[in-house]
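Remarks on the structure that follows.
Just so you know, these numbers come straight off a predicted model, no measurement behind them. Numbers here are sequence positions counted from 1.
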Amino acid sequence: MANLRTPRFQFLLALQFLMLIQSQVLCYQYKVGDLDAWGIPTSANPQVYTKWSKYHQFKLGDSLLFLYPPSQDSVIQVTAQSYSSCNLKDPILSMNDGNSLFNFTTLGDFYFTSGEPGHCQQNQKLHISFLSGNGSAYSPSAGPSALDASAPSYPTVFGSIPTPPTSAPHSSAPSPRFPVFAAAVVGFGVFALHSGNL
């Protein structure tokens, strides 16, 4: 058996630890609307949230960042029925700090709208739906007829999620993930090779 105090063993243990940590931080923060802040869509781009959501795929652990002036707007998570009717009463979640972060901790349908009266009717709303680990986004802001009123909404947990490196050209670019199990197998394999047990 290898001596646990040797520099080689300690190096291999540190390498395995770093691989495990890296596999945990490959979640992304998506700024809702990209260059546009969370707000009422302009007449030049009335379906900005529909278009934005069509080009993104979310995974568990990813998060949405809603940026807006806190004195002028807010964001709420609502049920499918409240989303389609623009009912602002009894939201699932209410955020109004101007820098609101929503983490995806479960699969399902997520419905967001502005908490300000009249904004939802002007298409300031977003529907994200993903039912597998490699989900896609969908935002039928164009009309309520495309929504399933019986679809459940799920509560989430808030917290900070690491943002992608600044060298990335776009904050919403997904990248491949390295599974924790694979990192552990590689680490133990390297250790076994260097200790002479393989």
Side-chain angles (χ1 to χ4, degrees), residues 26-42 45-68 73-96 99-116 118-164 168 170-177 179:
L26 291 177
C27 300
Y28 290 96
Q29 185 178 85
Y30 294 85
K31 181 180 171 192
V32 175
D34 289 331
L35 298 176
D36 302 311
W38 176 245
I40 297 172
T42 63
N45 194 6
Q47 300 300 322
V48 64
Y49 301 115
T50 303
K51 292 175 186 174
W52 177 82
S53 66
K54 286 182 182 178
Y55 296 105
H56 294 82
Q57 293 207 353
F58 304 101
K59 294 180 176 34
L60 289 179
D62 288 347
S63 61
L64 298 177
L65 178 62
F66 294 86
L67 296 176
Y68 52 89
D73 213 338
S74 63
V75 60
I76 58 176
Q77 181 187 5
V78 295
T79 64
Q81 186 175 12
S82 294
Y83 177 89
S84 63
S85 65
C86 287
N87 179 0
L88 306 182
K89 295 179 184 176
D90 301 318
I92 297 169
L93 239 23
S94 181
M95 301 170 280
N96 59 6
N99 192 15
S100 301
L101 189 65
F102 179 89
N103 293 334
F104 291 111
T105 59
T106 61
L107 301 176
D109 288 296
F110 301 89
Y111 302 91
F112 304 95
T113 184
S114 170
E116 297 299 311
H119 288 207
C120 178
Q121 289 85 348
Q122 296 179 55
N123 285 331
Q124 188 182 350
K125 56 185 182 174
L126 175 68
H127 172 206
I128 304 291
S129 178
F130 66 101
L131 302 174
S132 69
N134 294 329
S136 62
Y138 176 61
S139 174
S141 300
S145 61
L147 296 174
D148 178 8
S150 65
S153 289
Y154 301 97
T156 61
V157 176
F158 288 86
S160 62
I161 294 288
T163 57
H170 198 270
S171 66
S172 298
S175 76
R177 296 171 187 231

In the structure I gave you, are the side-chain heavy atoms of [X] and [Y] within less than 4.5 Å of one another anywhere?
X	Y	value
Phe104	Leu64	yes
Ser84	Tyr111	no
Trp38	Gln124	yes
Lys51	Asp34	no
Lys125	Tyr49	no

Kindly compute the distance separating [atom1] ([X]) from [atom2] ([Y]), expressed to the nearest 0.5 Å.
X	Y	atom1	atom2	result
Tyr83	Phe112	OH	CZ	10.5 Å
Asp62	Asn103	CG	CG	9.0 Å
Glu116	Gln122	CD	CD	11.5 Å
Leu93	Gln77	CG	CD	5.5 Å
Asp109	Ile128	CG	CD1	10.0 Å

Q) Aromatic rings Trp52 and Tyr30: how do their planes relate, parallel, tilted or perpendicular, breaks at 30° and 60°? A)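 Correct class here is perpendicular.
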(Q) Once you measure the plane-to-plane angle for Phe102 and Phe110, does it fall in the parallel (<30°), tilted (30-60°) or perpendicular (>60°) bin? (A)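 Judged by the thresholds at 30° and 60°, the geometry between Phe102 and Phe110 is perpendicular.
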Q. Do you know the tightest heavy-atom contact between Pro46 and Pro41?
A.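 Where Pro46 meets Pro41 most closely, the heavy atoms are O-CB, 3.4 Å.
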Q: Work out which heavy atom in Gly61 is nearest to a heavy atom in Cys27; give both atom names and the distance.
A: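 Nearest pair, atom of Gly61 first, then Cys27: O-CB, 3.3 Å.
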Q: Mind checking side chain to side chain contact (heavy atoms under 4.5 Å, CB included) for Pro91 and listing every partner two or more places apart, or none if nothing turns up?
A: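 Here the qualifying residues are Ile76, Val78, Ser94.
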Q | Listed partners of Leu65 passing side chain to side chain contact (heavy atoms under 4.5 Å, CB included), at least two apart | A |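 By the side chain to side chain contact (heavy atoms under 4.5 Å, CB included) rule, Leu65 matches Gln29, Leu67, Asn99, Leu101.
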Output all residues satisfying side-chain hydrogen bond (donor to acceptor under 3.5 Å, both in side chains) with [X], sequence neighbours left out; order by chain, then residue number.
X	value
Ser114	Asp73, His119
Ser82	Thr79
Asn87	none

